[in-house]
Number of protein chains: 2
Amino acid sequence: MRPGPRRSLTHAEILDVAFDLLEAKGFAAVSVRGVASGLGLTPTALYTYYPSKNALLRGMVEHLLARLDPGETGATDAAGEAGAPGSAGVAAGRTRLLALALRLRELLTGHAGALGLIMSGPLDGPNAMRLNETLLESFMAAGLELDDAARAAYALQVYVLGSIALESAEADAESEPADASDRAFATEATGATLWTDLATFPLSERTEAVAAQHNSTAQFTWGVQRLLDGLIGVR
Amino acid sequence: MRPGPRRSLTHAEILDVAFDLLEAKGFAAVSVRGVASGLGLTPTALYTYYPSKNALLRGMVEHLLARLDPGETGATDAAGEAGAPGSAGVAAGRTRLLALALRLRELLTGHAGALGLIMSGPLDGPNAMRLNETLLESFMAAGLELDDAARAAYALQVYVLGSIALESAEADAESEPADASDRAFATEATGATLWTDLATFPLSERTEAVAAQHNSTAQFTWGVQRLLDGLIGVR
DNA sequence: ACCTGAACACCGTTCAAGT
DNA sequence: ACCTGAACACCGTTCAAGT
């Protein structure tokens, strides 16, 4: 076939195929050629819809964030004044922040390799801004003044994305069987003693059990709670 | 030339070329072919030293971490008992933790695109373990019991890596001029209203000035301090 | 505007062969 | 053990051409 049947796709259709690919074969499979062929198109046809692969990736991020649904704002009373709201507002704000963090983590870990998406550029799309606005409202409801709320909102995003980064780094490693030898070479490369086993690090050794749980929802929640402890003045 | 002059390179020499490439041309330029040609080798020759590109990347991570130099342990007194150490020990532990976090950030942001390195696999090399051990010691010196110290050490690493992730995502975007149009397409892709400008998000708008400082050392320090507030029971 | 086909300049990795 | 050269199966992106 030469020119083509004039399909006129939706961006949503393209992103669906991209997410199918991400879930089925991982981040590396989300290629211009791969998505195009999943759509029944030539790679070059995709450039009609997105000017670059990076633009496609950003579209995927926004698509994910659209499903975040920050929920009812409801913090309008506290948003106006920088004073100390009632402890009920503090508790409500904190609950909402934890819920948002958990939901964000859920969305991003649901699709393996989603971190690659986030690193495609800054989080400045409309849905990312909506999230930011909700975080600001919640921190102000919890008693922070505006500037501190901004810093706190950023800190929380940092923590969530950091968690995803570390989790996905380990998840990727597990799916690659050649990893043990990779590690050996990395060790040798630094000139470190090859017999640096756990015994050299007594605390790390005694802590193996809890380290094994580092990627759990419980550890994530614990970390977010401690961060919120530090950000909000309560507890 | 056919077979070759039998060079016998050091892993350190290879890593040096890799870091030169990383600094000069970014993470994408750190390719097997690129490193090999910088060494005057054929790409395949590199596979004698590293079994895969990922192994090379892990070697680079260890090489970076080797320059971390956690410093004198000095917390041997507090490491033995889970009780409450003197406030001097708490302050010293906390100071050391902040210094480590700052140093780690400095190392990773010094080389643009270093996050790609970290995502090459879990941080389980000898130097990564040495860092972990030092973090454990410091948190115990600050008064945490062993299991909480393990969780806290992980939380701190999460925060540092998350900061790097967000910073490098924005740094990469700045170096690409085609970004504005990318964003427009991403916006359209979600079906979001195109006129979602800052005015729709009043809090985000009023907070632009501090948002512009999100990648600063000051903001990083502020976030780490708040996290330490929550992790260590003081203040 | 949407699409094809050919092409350009790259990738990581494998394999047989040389010293 | 260390290296080459050829090859395989991919990339993102550009460009002229068709409808």
Legend entry - Candidates D/dT13, C/dT13, C/dC2 - which lies nearest the side chain of B/Lys53: C/dT13
Legend entry - Under-4.0 Å side-chain N/O to phosphate OP1/OP2 contact, A/Tyr49 with C/dC3: yes
Inset, instruction - Would you check if the side chain of A/Tyr49 reaches a backbone N or O of A/Leu9 as a donor-acceptor pair within less than 3.5 Å? - result: yes
Inset, instruction - Would you kindly give the CG-to-P distance between A/Leu57 and D/dG12, to the nearest whole Å? - result: 10 Å
Inset, instruction - For C/dC11 versus D/dA7, give the span between their C1' atoms, rounded off to a whole number of Å. - result: 14 Å
Inset, instruction - Taking only the side-chain heavy atoms of A/Arg33 (C-beta and beyond), determine which of D/dT13, C/dT4, D/dC3 contains the nearest atom. - result: D/dT13
Legend entry - Length of the line joining A/Leu56:CG and D/dT13:C1', which is rounded to integer Å: 14 Å
Legend entry - Side-chain N or O of A/Tyr47 closer than 4.0 Å to phosphate OP1/OP2 of C/dC3: no
Inset, instruction - Taking all non-hydrogen atoms of both residues into account, name the closest pair between A/Arg130 and A/Leu65 and its distance. - result: NH2-O, 3.6 Å
Inset, instruction - Calculate the interatomic distance between B/Leu46 atom CG and C/dT13 atom P; express it in whole Å. - result: 11 Å
Legend entry - Side chain of A/Thr48 - closest among C/dG12, D/dG5, C/dC2: C/dC2
Inset, instruction - State which of C/dA6, C/dG12, D/dC2 makes the closest approach to the side chain of A/Thr44. - result: C/dA6
Inset, instruction - To the nearest Å, give me how far apart CZ (A/Phe27) and P (D/dG12) are. - result: 10 Å
Legend entry - Bracket notation of DNA chain D in which parentheses pair within the strand, [ ] cross earlier pairs, and | pairs with another strand (Watson-Crick or G-U, under 3.5 Å): ||.|||||...|||||.||
Legend entry - Length of the line joining B/Glu13:CD and D/dC2:P, which is rounded to integer Å: 13 Å
Legend entry - For atom CG of B/Leu39 and atom C1' of D/dC2, their distance in whole Å: 13 Å
Legend entry - Distance in Å, A/Leu227 CG paired with B/Leu231 CG, rounded so as to fall on 0.5 Å steps: 8.0 Å
Inset, instruction - Measure from CG on A/Leu21 to P on D/dC10 and round the result to the nearest Å. - result: 13 Å
Legend entry - Nearest heavy-atom neighbours spanning B/Leu135 and B/Ala153: CB-CB, 3.8 Å
Inset, instruction - Might you work through the side-chain contact (heavy atoms from CB on, under 4.5 Å) test for A/Ser163 and A/Tyr159, ending with a clear yes or no? - result: CA-CA 6 Å; A/Ser163 290; A/Tyr159 195 88; 3.6 Å; yes
Check: residues 100-107 of chain A side-chain donor-acceptor pairs under 3.5 Å, at least two apart:
from     : atom 1 : to       : atom 2 : distance (Å)
A/Arg103 : NH1    : A/Glu106 : OE1    : 3.4
A/Arg103 : NH2    : A/Arg67  : O      : 3.0
A/Arg105 : NE     : A/Glu167 : OE2    : 3.1
A/Arg105 : NH1    : A/Thr217 : OG1    : 3.1
A/Arg105 : NH2    : A/Glu167 : OE2    : 3.3
A/Arg105 : NH2    : A/Asn215 : O      : 3.0

Legend entry - Residues B/Asp124, B/Arg58: salt bridge by 4.0 Å N-O rule: yes
Inset, instruction - For B/Gln213, enumerate each residue passing the side-chain hydrogen bond (donor to acceptor under 3.5 Å, both in side chains) test, keeping only those at least two apart in sequence or located in another chain. - result: none
Legend entry - Which nucleotide in C/dT13, C/dC2, D/dG12 has an atom nearest any side-chain atom of A/Ser31: D/dG12
Legend entry - Protein-nucleotide distance (B/His11, atom NE2; D/dA1, atom C1'), rounded to Å: 12 Å
Legend entry - Distance, P atom - from C/dA9 to D/dC10, rounded to whole angstrom: 22 Å
Inset, instruction - Could you say whether B/Val32 or A/Pro43 is positioned toward the 5' end of DNA chain C, judged by the nucleotide with the nearest heavy atom to each? - result: A/Pro43
